[in-house]
Amino acid sequence: MVAAVGLLDRPLTSYYLVLGCSVMLLALGLTMVLSASSVKQLQATGSAYTLFQKQAMWMAIGLPGMWLASRLPVRTFRALAYPLLLLSIVSLAMVLVPGLGRSAGGATRWVDLGPVQVQPSEIAKLALVLWGADLLARKDRLGQLTEWRPLLVPLMPGAGVLVLLVMLGSDLGTTLVLLTIFLALLWVVGAPGRLFVGMAGLVCLLVAILIVVEPYRMQRITGFLDSSGNQLTTNYQGTQGLFAVASGGLFGTGLGEGRAKWDYLPHAETDFIFAIVGEELGLVGTLVVLGLFGLLAYAGLRIARRVHDPFARLAAAGATAWLVVQAVVNIGAVIRVLPITGIPLPLVSYGGSALIPTLFVLGMLLAFAKREPGARQALSARGPGPVVRALSWLGLARR
């Protein structure tokens, strides 16, 4: 026990936790995407590896971005805040343009760019984290966070524009994540209790309105509250997902041996990939996934607590809230403790639009972890990394 506590007190604990959890979740995700999508892709394209290859391609793009982000200074992330915010607003507006936007599952989330479809709401999450953190860090330096007006303006209108554009695309899941990032930034910056409770109440009211105005969302809520009814219509996906998890038992049916993916469970490789994990890897596999996200949450909050830079503290907290809440909402929907919202499981579900920003933000957490007390000295004492060593073997390392 003492040894475990000692390990958690080391300067590079956060760094290695973020890196290790990310790599393990990526490896598990790629494996489960292959397993979950193989049957449907074999029927549709003649190859069981279609989505697996696409996901591997997105990983090949995202991992260098993660590595690059891990080496960037804090000022670079701050410089990206406003361009990303502008890009998010423009691309979210493009989603609403007829002929450009693509709909699925009751939501309009994608922009059709010919060979690829991009989901701008994933960029919006990253933009809100960086822009909100930069804005509040500037106000904190100027001593402008003692009253509610400078605390909320322009943070609340800026977040409201992103939320409004996502809402117009009927994407409730992403709306929840954006609102979570907004509340996390207010919490970390030290918003007064009354103000925070008021904002949380406003968020709950907004979510309730979004549910009431869309009939299909009301059907999901009533189906969630009455899980025994409509097993073949409203509750079909949730019921099949729960059956898949329950049938896995302790150790699962075996990798690739699940039955749910044989046209029983819709969206098995995206929104309900956790059900495939439960079916094929059992309770042990699901606990591993939960444990990895738990460690990732601990590492992100540890970084936010230990770094001295206000921007890094706010951005680390906002990014951690984004990833962890999205994972909780996805897993909660699969095991029927939360209504289905249609958001993917970070790092595990199929999708390049979600994977690349997620890897970038994890790289950002790695960059912040290097700025914890004693981390730079520990990295220097560790010696050159594997990339530098490989370059030195080739005679390409800098002297």
Side-chain angles (χ1 to χ4, degrees), residues 29 32-33 36-37 40 51 55 92 95-96 101-111 117-125 162-181 203 206-225 227 230 233-242 244-245 260-261 264-278 293 322-355 357-358:
M32 298 315 300
V33 164
S37 65
K40 184 179 293 185
L51 293 190
Q55 187 75 349
L92 285 171
V95 171
L96 305 176
R102 290 291 179 267
S103 302
T108 305
R109 304 176 182 175
W110 292 270
V111 174
Q117 291 185 348
V118 179
Q119 193 170 349
S121 58
E122 297 295 334
I123 304 173
K125 298 172 189 175
L162 294 177
V163 168
L164 176 62
L165 290 171
V166 173
M167 284 165 44
L168 290 174
S170 300
D171 188 352
L172 179 60
T174 301
T175 300
L176 289 173
V177 175
L178 290 173
L179 293 173
T180 298
I181 294 170
V203 166
L206 177 62
V207 172
I209 293 173
L210 289 174
I211 292 172
V212 171
V213 298
E214 286 286 353
Y216 81 92
R217 291 191 191 127
M218 281 300 299
Q219 291 176 357
R220 286 182 177 179
I221 294 297
T222 54
F224 169 73
L225 296 175
S227 58
N230 300 318
T233 54
T234 305
N235 286 337
Y236 177 78
Q237 187 180 30
T239 301
Q240 292 299 323
L242 197 59
V245 174
K261 61 193 177 188
Y264 290 106
L265 179 61
H267 306 295
E269 71 279 1
T270 52
D271 303 342
F272 271 71
I273 199 165
F274 187 75
I276 305 300
V277 173
F293 277 111
W322 157 17
L323 298 176
V324 173
V325 168
Q326 185 165 322
V328 168
V329 171
N330 176 277
I331 293 171
V334 172
I335 62 176
R336 298 300 294 273
V337 298
L338 292 173
I340 297 172
T341 55
I343 58 176
L345 185 59
L347 298 173
V348 181
S349 294
Y350 169 77
S353 292
L355 182 62
T358 300

Discussion item. Please find the pair of heavy atoms, one from I340 and one from Q237, that lie closest to each other, and give the distance.
Written reply: CD1-OE1, 4.0 Å
Discussion item. Could you check whether any side-chain N or O of Y350 sits under 3.5 Å from a backbone N or O of S37, counting only pairs where one atom can act as donor and the other as acceptor?
Written reply: no
Worksheet item: Got a sec, which residues hit side chain to side chain contact (heavy atoms under 4.5 Å, CB included) with V324, two or more places apart in sequence or on another chain?
Response: A297, T320, V328
Practice prompt. Could you tell me whether the side chain of Q55 and the main chain of G351 form a donor-acceptor pair under 3.5 Å?
Written response: yes
Fill in: Matching residue for L345 among L347, V348, I343 - test: side-chain contact (heavy atoms from CB on, under 4.5 Å)
V348
Response to the item:
With sequence neighbours left out, the residues meeting side chain to side chain contact (heavy atoms under 4.5 Å, CB included) with P120 are S91, L92, V95, V111
Practice prompt. Could you check if a side-chain atom of F293 sits within less than 4.5 angstrom of a side-chain atom of P346, using non-hydrogen atoms only?
Written response: yes
Response to the item:
What one should report as the nearest heavy-atom pair of Y264 and Y236 is O-OH, 2.7 Å
Worksheet item: Distance from L206 atom CG to L179 atom CG, nearest 0.5 Å?
Response: 6.0 Å
Worksheet, complete the sentence: With sequence neighbours left out, the residues meeting side chain to side chain contact (heavy atoms under 4.5 Å, CB included) with I211 are L172, V207, R217, M218, I221
Worksheet item: Is the backbone of S353 close enough, under 3.5 Å, to the side chain of Q119 for a donor and an acceptor to pair up by distance?
Response: no
Worksheet item: So which of V203, V329, V325 actually passes side-chain contact (heavy atoms from CB on, under 4.5 Å) with T180?
Response: V325
Worksheet item: Do side-chain atoms of S349 reach the backbone of P344 as a donor and acceptor pair under 3.5 angstrom?
Response: no
Name the atoms and distances for all side-chain donor-acceptor pairs under 3.5 Å in residues 269-277, with sequence neighbours left out.
from: T270; atom 1: OG1; to: H267; atom 2: O; distance (Å): 3.4

Worksheet item: What pairs with T174 under side chain to side chain donor-acceptor pair (under 3.5 Å), at least two apart in sequence or on another chain?
Response: D171
Practice prompt. State, to 0.1 Å, how close A333 and P339 come at their nearest heavy-atom pair, and which atoms those are.
Written response: CB-O, 3.7 Å
Item to complete: Sort out for me which residue in L176, N330, V177, T175 forms a side-chain contact (heavy atoms from CB on, under 4.5 Å) with T341.
Response: L176
Discussion item. Just verifying a value: how many Å separate K125 NZ and L162 CG, rounded to the nearest 0.5 Å?
Written reply: 12.0 Å
Worksheet entry | Straight-line distance of K261 NZ to M32 CE, nearest 0.5 Å | 7.5 Å
